[in-house]
Amino acid sequence: MASVTLTVNGRTVSADVDPRTLLVQLLREHLHLTGTHVGCDTSQCGACVVHVNGRAVKSCTLLAVQADGAKVVTIEGLAANGKLHPMQEAFRENHGLQCGFCTPGMIMTAVELVNRKGNNLDEHTIREELEGNLCRCTGYHNIVKAIAAGAKAMR
Amino acid sequence: MYKFAYHKAKNVKDAAALLKKAGDSKLLAGGQTLIPTLKLRLAGPAALVDIGGVKELSGIALKGKDLVIGAMTRHAEVATSKVVRKAIPALAALAETIGDPAVRNQGTIGGSIANNDPAADYPAACLGLGATIVTSKRKIPADKFFKGLFETALGDDEIITEVHFPVPKSAGYAKFPNPASRYALVGVFVSRNGSDVRVAVTGAGEGGVFRVAEMEKALQKDFSAKALDGIAVKPRGLNSDIHASAEYRAHLVGVMAKRAAASAA
Amino acid sequence: MKWTAIDDFGIVINPMIVEGQVHGGIAQGVGQALLEGAVYDKHGQLVTGSYMDYCMPRADNLPSFNVDYVVTKCPSNPLGIKGCGEAGAIAAPVAVVNAITNAVGHEDVPMPATPQAVWAAVQKSAKLRKAAE
């Protein structure tokens, strides 16, 4: 067993885990934060994207022990004081989700994208930056619209 | 995943000692290839030595005529670094085509090179720029580093610490991605540094990354896409799979080499 | 690149949901035409078992779409509505593959028309042209 201590959505948590435990397993199975999804499990689909020290990463391709000491933010950590994050609000406004499975990863990717590239995102940039997020439904049209609107709203 | 013991290294020396002590062990850098490999049980090391916390392995600097990149430097850092963009813009552009944004935030240059995936991008840059791979034990020229599919000159307890890229006069990289995985179906890196002209191909070769002497000769005389007219790479020795036959890959090597040369001019 | 889809769904009650179905259908149709193929080896083993080999449409494979309607009320139900689930998938593969066959000059183009398949089709065009000369 290995012990890990990390901050998840502002809360310090410690756990003794088998070193094989993936970050997404720690989040979903130990902390019951089931908003982060496992889609492909081969690090293509992006349903499991969370922020580790401010960087978007695929939590199905990171051991929990690698995140020891890190600050992790999941989809559950975006809304503040019962109010949706502007990116979440934009997805709702623009029908940016159909079945909703890819949505947590899409939103976490989108928020980091805005943090990196700013609030004015053109369609081409958004589509290229979504390379690691798959939507089977496949509602990219509205996801792209939602991210452009969410980016502006995050100003 | 098979069971493994986990060790966190404090520094390079510590990591090398842990590797040696643990025996059947693997270094864990970013883990973007290793973890999927472990999940599929394609590897089952007894121990992982995590160098994620070794700060001395990370960083980008221009030292003399070399661009020096630390082994744990993430793809995203190389892609966005002002130093890299100024010294070797083709290298920054290459890093930006690896995986996707989340993979680039976590994957490292050292991990990519040590793994030597036959469709990875960095091996093409190392060979195409005549880089030197610095390890915990020695300096290895790229020409002697890549030994075949997933094989390198690295010893069991040897750790890549830095990669030294000589800053070329000009360089270019063109990649035709596999539509599904977005790894290189074929990627060609070309560079010119005085009389040293290099053409390195990834994604295509059965034995991993390789140089194309005939193209290098032609580019030595005239460093332009046009100089590559009529030079065909033979399909023999090239990969053939569901995504591309050896014939198609051979064709793509020609096209990508021209695009790389054109972008370098 | 511009993509326009016009459908007749009868009376449209919730345009937001209906347009989502058209968007998704088009994307899946483009996937079918260009990207998605399940391949088995000669032993019957699926070799496209992960997204490393099975090509899902990504956002950068597609443009945004213009969606519009012609409304003909359906006479056989009181709401005048028709089905719309994934309707975009009907015309999308046809439109894409027609564009390719038009460009290469013959109809021997498989689905999915992967880069390699289109390359092979172009080689065939060159052969056909030579034979015709």
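No hydrogens, no waters, no symmetry mates; every other heavy atom, side chains included, goes into these values. Below, chains carry the letters A, B, ... as their sequence lines are ordered, and counting in each starts from 1.
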Kindly compute the distance separating OH (B:Y6) from CD (A:Q66), expressed to the nearest 0.5 Å.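 Rounded to the nearest 0.5 Å, the OH-CD separation comes out at 6.5 Å.
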Whether B:Q32 side chain and A:T61 backbone form a donor-acceptor pair below 3.5 Å: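 Yes, because the side chain of B:Q32 sits within donor-acceptor range (under 3.5 Å) of the backbone of A:T61.
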What do you reckon, is CZ of A:R155 surrounded by more than 12 foreign heavy atoms closer than 6.0 Å?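 Buried by this count: over 12 neighbours within 6.0 Å.
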Identify the two heavy atoms, one from A:R55 and one from B:Q106, that lie closest to each other, and give their separation to 0.1 Å.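 Here A:R55 and B:Q106 meet closest at NH2-OE1, 3.8 Å.
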Pick one of side chain, backbone, both or neither for A:L113, based on which atoms fall under 4.5 Å of a heavy atom in chain B.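 Neither; nothing under 4.5 Å.
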B:P101 versus A:E131, closest heavy-atom pair with distance: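 Minimum heavy-atom contact is CD-CB, 4.5 Å.
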For B:K39 and A:T42: C-alpha separation, side-chain torsions, deciding distance, then whether side chain to side chain contact (heavy atoms under 4.5 Å, CB included) applies. CA-CA 8 Å; B:K39 284 166 80 174; A:T42 53; over 6 Å; no
Within 6.0 Å of NZ in A:K145, more than 12 heavy atoms from elsewhere: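 More than 12 heavy atoms, drawn from other residues, nucleotides or ligands, come within 6.0 Å of this atom.
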Looking only at heavy atoms, which two atoms of B:N105 and A:A56 are closest? And how far apart?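 What the structure gives for the nearest pair is ND2-O, 2.9 Å.
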Structural part of B:K3 lying under 4.5 Å from a heavy atom of chain A: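 For B:K3, backbone and side chain are both near chain A.
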Show your reasoning for whether side chain to side chain contact (heavy atoms under 4.5 Å, CB included) applies to B:F4 and A:L63. CA-CA 12 Å; B:F4 56 78; A:L63 299 173; 4.0 Å; yes
A:N53 atom CG, neighbour heavy-atom count above 12 within 6.0 Å: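 Result for CG/A:N53: enclosed.
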Between B:T80 and A:R116, is the side chain to side chain contact (heavy atoms under 4.5 Å, CB included) condition met? List the steps. CA-CA 10 Å; B:T80 55; A:R116 269 190 296 121; over 6 Å; no
Minimum heavy-atom separation for A:R20 to B:Y2, with atom names?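 Shortest heavy-atom separation between A:R20 and B:Y2 comes out as CD-O, 3.3 Å.
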Which portion of B:L48 sits near chain A, non-hydrogen atoms under 4.5 angstrom: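 B:L48 touches chain A through side-chain heavy atoms alone.
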CA sep, side-chain torsions, deciding dist, call: B:D100, A:K58, side chain to side chain contact (heavy atoms under 4.5 Å, CB included): CA-CA 10 Å; B:D100 56 57; A:K58 293 184 165 171; 2.6 Å; yes
Largest heavy-atom contact set with chain B, pairs under 4.5 Å, which of A:V57, A:T109, A:V65: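 Ranked by heavy-atom pairs under 4.5 Å with chain B, first place is A:V65.
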For B:L28, which atoms come within 4.5 Å of any heavy atom of chain A: side chain, backbone, both, or neither?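 Only the side chain of B:L28 comes within 4.5 Å of chain A.
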For A:D41, is it the side chain, the backbone, both or neither that has a heavy atom under 4.5 Å from a heavy atom of chain B?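 For A:D41, heavy atoms of backbone and side chain both lie under 4.5 Å from chain B.
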From CE (B:M1) to CG (A:D18), nearest 0.5 Å: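 Rounded to the nearest 0.5 Å, the CE-CG separation comes out at 8.5 Å.
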A:L62 versus chain B, the contacting section by heavy-atom distance below 4.5 Å: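 Both parts, backbone and side chain.
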